[in-house]
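Shown next, in structure tokens, is the structure this report addresses.
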Amino acid sequence: MPELPEVETIVRELRPRLTGDRMRSIEALWHRSLCGDPREVNRGIRGRRIMELFRRGKYICLDLEGPRLTIHLRMSGRLLFITSPAEECHIRARLNFHESPGLALVDPRKFGRIRLWHEAEPFLPDLGPDPLDAETVCNVLAGVISRRAVKTVLLDQKVLAGIGNIYADESLFTARVHPLTPAGDLDNNQRVRLAAAVSRVLREAIRRRGTTLSDYRDPDSRNGGFQHQLKVYQCTGRPCPVCGTTISRIVVGQRGTHFCPRCQKK
DNA sequence: CCTTAGTCCTGCATGC
DNA sequence: TGCATGCAGGACTAAG
């Protein structure tokens, strides 16, 4: 699943190749992959210059001289440059440019969404700050007084934008915090550890170009490398790399959650 | 305020 | 081998 590090990797690949180019069209091959009326979206983007590419949380964002285009890959989405006539399955949409090769949204599960935002409308409202900076994360966590499980809070995009299931579990393990700890009960030490862990894990995952478990690929179809660094995520039944205790799996907020019951005490 | 369940989807694992 | 079932999961919505 593309989370912040995977999306960051994608944006870094797209930026030098698309900045300054112009939009030609967006074709929706699956009607729900493109939000709104496709003809209206195409009127809104045709000929527009891509001023800037950036990431907000898990969103790929294109600044089109005012209006903005966002792409969210959700579960299984990939954004691939269309190079050879290589037949990719599950193409749900195509982005066409004046100069650059097109981009295919390949998305078996059809959850990915492309959306055009008009200049006047609030852009990605309700999205919390990005969690790459430990101090920001610490301040945000200090402001959470809720008794919700800390793992649920980490996954809440209104609180922090970009953390998904993989990096939530890995960060909690690194910080030695139990995923069910009520967020408001974290003491200062735990908060500082968790904030440091979140930013460190995300930065390290970016450095490794993301995690490829099954679906994720960068725009040139290359795998990430962080899957070799995972300590608890999908490691149920294997020994904890720190203490050797068997990694447990529980469900928290309808999400599979992996942790070491010895290192991460409540 | 909060949690839970349902929705969207398909590939894959499981079980008979 | 083949079929049915169920599960995963990010974001959103509705109900309690």
Side-chain angles (χ1 to χ4, degrees), chain A residues 1-10 28-36 55-61 70-80 87-93 104-117 121-131 143-172 179-186 198 202 205 210-217 224 227 230 232-237 247-259:
Chain A
M1 312 132 254
E3 304 180 25
L4 185 152
E6 291 74 33
V7 177
E8 180 65 28
T9 304
I10 292 167
L29 289 94
W30 169 248
H31 66 112
R32 299 193 62 172
S33 298
L34 179 62
C35 299
R55 177 194 56 72
R56 264 292 277 139
K58 303 175 195 172
Y59 291 84
I60 299 160
C61 309
T70 58
I71 301 152
H72 196 306
L73 300 171
R74 295 273 186 99
M75 303 293 303
S76 61
R78 299 182 210 169
L79 213 47
L80 298 174
E87 295 135 36
E88 280 288 346
C89 280
H90 311 304
I91 298 181
R92 308 306 184 192
L105 172 65
V106 174
D107 186 18
R109 270 173 265 190
K110 300 180 173 174
F111 283 0
R113 294 289 180 269
I114 300 171
R115 177 173 167 179
L116 180 66
W117 303 71
E121 72 186 310
F123 182 62
L124 296 171
D126 308 324
L127 204 57
D130 270 43
V144 175
I145 48 164
S146 143
R147 297 200 53 78
R148 297 157 82 196
V150 63
K151 157 121 181 193
T152 305
V153 169
L154 288 180
L155 292 177
D156 185 343
Q157 304 298 299
K158 296 194 261 318
V159 177
L160 291 165
I163 304 170
N165 214 25
I166 298 173
Y167 300 108
D169 283 3
E170 291 298 310
S171 300
L172 288 164
L180 285 173
T181 311
D185 285 1
L186 292 174
V198 165
L202 292 173
T211 302
T212 298
L213 287 171
S214 51
D215 291 306
Y216 172 69
R217 301 280 134 75
Q227 60 278 12
L230 296 176
V232 288
Y233 187 77
Q234 286 190 0
C235 296
T236 315
I247 299 300
S248 294
R249 184 185 187 277
I250 57 174
V251 174
V252 179
Q254 275 102 257
R255 302 282 144 71
T257 298
H258 316 75
F259 72 106

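Chain letters run A, B, ... following the sequence lines, proteins first, then strands; residues in each count from 1.
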Polar-atom pairs under 3.5 Å, protein N or O versus N or O of nucleotides 14-16 of chain C: list them with distances, or write none.
none

Between protein and nucleic acid, restricted to nucleotides 5-7 of chain B and to nitrogen or oxygen atoms under 3.5 Å apart, what atom pairs and distances do you find?
| unit_1 | atom_1 | unit_2 | atom_2 | d |
| --- | --- | --- | --- | --- |
| B:dA5 | N7 | A:Gln254 | NE2 | 3.3 |

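In this pair, A:Phe111 does not lay its aromatic ring on the base of C:dA11; centres under 5.5 Å and planes under 30 degrees do not both hold.
Between the C1' atom of B:dC9 and the CG atom of A:Leu29 lies a distance of 17 Å, rounded to the nearest Å. In this structure, NZ of A:Lys158 is placed 12 Å from C1' of C:dG10, rounded to the nearest angstrom. Whole-Å rounding puts the A:Asp107 CG to C:dG10 P distance at 13 Å. Atom CH2 in A:Trp30 sits about 8 Å away from atom C1' in B:dC9, given to the nearest Å. The nearest whole Å value for the distance from the CG atom in A:Leu213 to the P atom in B:dG11 is 18 Å. Rounded to whole angstrom, the span from the CG atom of A:Asp215 across to the P atom of B:dC9 amounts to 17 Å. The distance between atom CZ of A:Arg255 and atom P of B:dT3, rounded to the nearest whole Å, is 13 Å. Rounded to whole Å, the distance from OH on A:Tyr216 to P on C:dG10 is 16 Å.
Judged as a side-chain hydrogen bond (donor to acceptor under 3.5 Å, both in side chains), and not counting sequence neighbours, A:Arg249 has no contacts. With sequence neighbours excluded, the residues forming a salt bridge (Lys or Arg N to Asp or Glu O under 4.0 Å) with A:Arg115 are A:Glu121, listed by chain and number. Applying the salt bridge (Lys or Arg N to Asp or Glu O under 4.0 Å) rule to A:Arg56 yields the partners A:Asp130; only residues at least two apart in sequence or on another chain are considered. Residues satisfying the side-chain hydrogen bond (donor to acceptor under 3.5 Å, both in side chains) test with A:Asp215, not counting sequence neighbours, are A:Arg109. With sequence neighbours left out, the side-chain hydrogen bond (donor to acceptor under 3.5 Å, both in side chains) criterion links A:Thr70 to A:Trp117. Shown here are the ring-ring contact (aromatic ring centres under 6.0 Å, His included) partners of A:His72, two or more places apart in sequence or in another chain: A:Tyr59. Take A:Thr181 and apply the side-chain hydrogen bond (donor to acceptor under 3.5 Å, both in side chains) test, not counting sequence neighbours, and it matches no residue.
Evaluation of the side-chain hydrogen bond (donor to acceptor under 3.5 Å, both in side chains) test over residues 153-162 of chain A, restricted to residues two or more places apart or in two chains, returns A:Arg148-A:Asp156.
Looking at the side chain of A:Gln157, the nearest of the listed nucleotides C:dG9, C:dA11, B:dT10 is C:dA11. The listed nucleotides are C:dG10, C:dG9, B:dT3; the one nearest the side chain of A:Gln234 is C:dG9. Considering only the side chain of A:Lys58, C:dA11 comes nearest among C:dA11, B:dT10, C:dA8.
Neither OP1 nor OP2 of C:dA11 sits under 4.0 Å from any side-chain N or O of A:Arg113. Side-chain N/O atoms of A:His72 include one lying less than 4.0 angstrom from OP1 or OP2 on C:dA11. Phosphate proximity of C:dG9 to A:Tyr233: present, with a side-chain N or O under 4.0 Å from OP1 or OP2. A close approach under 4.0 Å does not occur between any side-chain nitrogen or oxygen of A:His90 and OP1 or OP2 of B:dC9. Using a 4.0 Å cut-off, some side-chain N or O of A:Ser146 falls inside it from OP1 or OP2 of B:dC2. A close approach under 4.0 Å does not occur between any side-chain nitrogen or oxygen of A:Arg109 and OP1 or OP2 of C:dA8. For A:Arg74, no side-chain nitrogen or oxygen approaches OP1 or OP2 of B:dT10 to under 4.0 Å.
Using modelled atom types, one side-chain atom of A:Thr212 and one backbone atom of A:Gly224 make a donor-acceptor pair closer than 3.5 Å. With hydrogens and angles disregarded, no donor-acceptor distance shorter than 3.5 Å links the side chain of A:Ser76 to the backbone of A:Arg74.
Counting only Watson-Crick or G-U wobble pairs whose defining distances are both under 3.5 Å, the stems of 3 or more consecutive pairs in DNA chain C are B:2-16 with C:2-16.
In this structure, A:Arg32 reaches the sugar-phosphate backbone alone: every heavy-atom distance under 4.0 Å involves primed, P, OP1 or OP2 atoms, never a base. At a threshold of 4.0 angstrom between heavy atoms, the contacts of A:Met1 are confined to the sugar-phosphate backbone, with no base atom among them. Note on A:Gly256: only backbone sugar-phosphate atoms sit closer than 4.0 angstrom, heavy atoms only; bases stay farther off. Residue contacts for A:Asn165: at a heavy-atom cut-off of 4.0 Å it reaches the sugar-phosphate backbone alone, with no base atom in range. A:Arg249 comes within 4.0 angstrom of sugar-phosphate atoms only, judged by non-hydrogen atoms across all strands, and of no base.
Of the candidates A:Val150, A:Leu172, A:Thr257, A:Thr257 is the only one forming a side-chain contact (heavy atoms from CB on, under 4.5 Å) with A:Val252.
A 4.5 Å side-chain heavy-atom check between A:Leu29 and A:Leu105 finds every atom pair outside the cut-off.
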Side-chain donor/acceptor pairs under 3.5 Å, residues 163-170 of chain A, sequence neighbours excluded:
| unit_1 | atom_1 | unit_2 | atom_2 | d |
| --- | --- | --- | --- | --- |
| A:Asn165 | OD1 | A:Lys151 | NZ | 2.5 |
| A:Asn165 | ND2 | A:Gly256 | O | 3.0 |
| A:Tyr167 | OH | A:Glu6 | OE2 | 2.5 |
| A:Tyr167 | OH | A:Thr211 | OG1 | 2.6 |
| A:Asp169 | OD1 | A:Lys151 | NZ | 2.6 |
| A:Asp169 | OD2 | A:His258 | N | 2.8 |
| A:Asp169 | OD2 | A:His258 | ND1 | 2.8 |
| A:Glu170 | OE1 | A:Lys231 | N | 2.9 |
| A:Glu170 | OE2 | A:Lys231 | N | 3.2 |
| A:Glu170 | OE2 | A:Val232 | N | 2.9 |
| A:Glu170 | OE2 | A:Tyr233 | N | 2.8 |

